[in-house]
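Report on the structure given below.
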Amino acid sequence: MKKLWGGAFRESSDELVDRFGQSIETDLNFWQEDVIGSVAHARMMAAQGLITQDEARTLVGGLEKIHEEGPDSLRMDVEDIHTAVEVRLRELVGDVAGKLHTARSRNDQVATDTRLFLHNELLRMTDQIKGLQGLVLELARKHRMDLMPGFTHQQRAQPITLGFYLMAHFWALQRHGWRAERLLELANYSPLGSAALAGTSFPIDRLATSAELGFTAPIPNALDATSDRSYILDALHICALVMIDLSRLSQELVLFSGREFGFVKLADSITTGSSIMPQKRNPDMAELVRGRTGRAVGNWVALATTMKGLMLGYNRDTQEDKPPLFDSLALVRDSLEISRLMLERADWQVQRMSDAVRGDLSTATDLADFLAASGIPFREAHEAVGKLVRACAEEGISLEDLDSHSLERLAPQIPKEALGVLKPEDSVRRRESLGGPGPKAMEAQIARATELYEKSGFPKIA
Ligand code: ARG
């Protein structure tokens, strides 16, 4: 196997050692970043007089050619992407290729590649989050008056609207966007020029390569720059959090699309059938998002475990940072898109949802609130309504079935004006507190969300 080292070695390495150490397959994810980083390094070296302008032109020309050719021109029987690019460069421009590695090590190179790659991925992730938010916002607007049961403990709690429910997911996405944006800022510092761990005696210009590559500034300490992987853990954490929230949405879609709920029909194009039961339509995509969340969480745990106790300075252990990173980013990318497709094509059964909030005693809180508002301490009101609920259950009627006669008979202490709060529509309409599902509160919430959504990026809520 072609290597960038070996001068001091008498024997060639074992075949298994080559295979065990190889990272070229995973490295292909950032082959472009590797080439771009090398271009910046070559230009800086020429500007500093470390190589001639002619040599720089040759090196940059060769690197641009590799960029045009794409990864197919790269050899795969090599240790890593840095080797593959250098080998190809030598084929294209000859021995001057050997000058590219002056004042640089694969240790600062790989950290640079990863940071550049992550930057682009985070930008893509934030775009995708915005896209999904736009859809959720549109659906929430459309369904802001459509009743649905709200749950606590996975049991009917109080009536809400479908729009209100969807907006809860909008704000979760807003937080993810915000986190990703903060990481874009936090991770955008350049390790390039740190060399192996301790800088270099060559008069390099780290400010120049940092600026050329779009970083905010060079990382101030070369040892830190080559050792740190916390920005990858941050990224894995964000990926895990996105997946956790998507898994909750998925679980809701699985439940809601089942016959017991019947709240939503998922489109044929994103569901699958059963090989034995012809009538089945399975929410497999939602289940896979839910299931793969385990992997996203595991990826964070895997790298955190690798990093724990690692002495500063490059350790080959950190080669294991990239498979989980690439995996989690791809997982989030696909899961955001699958979630978008599921929601975009969902057929919400609004009548069924609205029917579901009737007859379930879920306006009991409204009745207690009504009594409390008339001056009765809330605890007493709670007790009185509790008794009424029990009486209703014994009679086999629901709260909405009460009329002035039955109310008088079952709960003489409750005034008949209370009947006006027992319909689910009224219950929702009356909950106008900030963040509530009432029509005015929802209008305000949607307006606020729209305002934030239309700004670029993910500004603070307040
Ligand atoms: N494949 C290596 C990694 O991902 C590249 C850096 C190798 N550096 C070294 N000193 N062996 O970490």
Side-chain angles (χ1 to χ4, degrees), residues 1-9 12-38 40-41 66 71 74-89 98 100-121 187 190-200 209 213 219 221-236 299 302-330:
M1 189 170 78
K2 184 80 191 123
K3 300 193 181 72
L4 294 180
W5 46 270
F9 288 67
S12 59
S13 48
D14 196 272
E15 185 267 326
L16 177 59
V17 170
D18 286 351
R19 188 156 55 76
F20 200 72
Q22 237 178 357
S23 61
I24 181 70
E25 290 278 351
T26 7
D27 289 355
L28 280 181
N29 282 288
F30 56 38
W31 72 273
Q32 298 201 66
E33 285 77 3
D34 196 73
V35 173
I36 290 164
S38 288
H41 184 66
I66 295 175
L74 299 173
R75 278 169 64 166
M76 297 298 284
D77 60 336
V78 292
E79 196 176 336
D80 53 29
I81 189 68
H82 326 298
T83 314
V85 170
E86 198 176 311
V87 166
R88 181 68 189 138
L89 188 61
L100 183 60
H101 214 55
T102 316
R104 178 176 86 166
S105 148
R106 283 182 294 167
N107 299 352
D108 56 338
Q109 207 182 340
V110 75
T112 305
D113 295 355
T114 312
R115 285 185 191 249
L116 288 174
F117 175 85
L118 179 59
H119 191 83
N120 294 331
E121 285 289 308
S190 173
L192 194 58
S194 295
L197 74 158
T200 171
T209 47
L213 293 171
I219 296 170
N221 181 300
L223 181 57
D224 177 42
T226 47
S227 305
D228 177 38
R229 296 291 184 276
S230 63
Y231 60 99
I232 302 183
L233 285 170
D234 277 338
L236 291 174
N299 284 338
L303 183 61
T305 310
T306 296
M307 295 311 295
K308 179 190 170 296
L310 266 196
M311 188 182 176
L312 289 194
Y314 177 83
N315 297 278
R316 191 66 179 270
D317 310 47
T318 54
Q319 182 167 297
E320 295 311 296
D321 59 1
K322 285 172 286 300
L325 178 66
F326 297 146
D327 183 47
S328 281
L329 288 169

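Atoms within a ligand are numbered from 1 in the order they appear, just like the ligands themselves. Scope of the values below: all heavy atoms of this structure, side chains included, with no hydrogens, waters or symmetry mates. It should be emphasised that the depicted structure is a prediction, and the values quoted were computed from it without experimental measurement.
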| said: Suppose we screen for side-chain hydrogen bond (donor to acceptor under 3.5 Å, both in side chains). Which residues come up paired with Thr83, at least two apart in sequence or across chains? | reply: Asp80

| said: Suppose we screen for side-chain hydrogen bond (donor to acceptor under 3.5 Å, both in side chains). Which residues come up paired with Asn107, at least two apart in sequence or across chains? | reply: none

| request: For the pair Arg316 (side chain) and Gly21 (backbone), establish whether a donor and an acceptor sit closer than 3.5 Å, ignoring hydrogens and angles. | output: yes

| query | Do the side chains of Leu192 and Arg104 get nearer than 4.5 Å, heavy atoms only? | reply | yes

May I have the list of side-chain donor-acceptor pairs in residues 308-315 shorter than 3.5 Å, sequence neighbours left out?
residue : atom : partner : partner atom : Å
Asn315  : ND2  : Met311  : O            : 2.8
Asn315  : ND2  : Gly313  : O            : 2.9

| query | Any luck finding a side-chain donor-acceptor pair between Ser328 and Asn299 under 3.5 Å? | reply | yes

List of N/O pairs, ligand 1 versus protein, all under 3.5 Å?
residue  : atom   : partner : partner atom : Å
ligand 1 : 1 (N)  : Ser23   : OG           : 3.2
ligand 1 : 1 (N)  : Gln319  : OE1          : 2.8
ligand 1 : 4 (O)  : Lys322  : NZ           : 2.7
ligand 1 : 8 (N)  : Asn107  : OD1          : 3.0
ligand 1 : 10 (N) : Asn107  : OD1          : 3.1
ligand 1 : 12 (O) : Tyr314  : OH           : 2.5

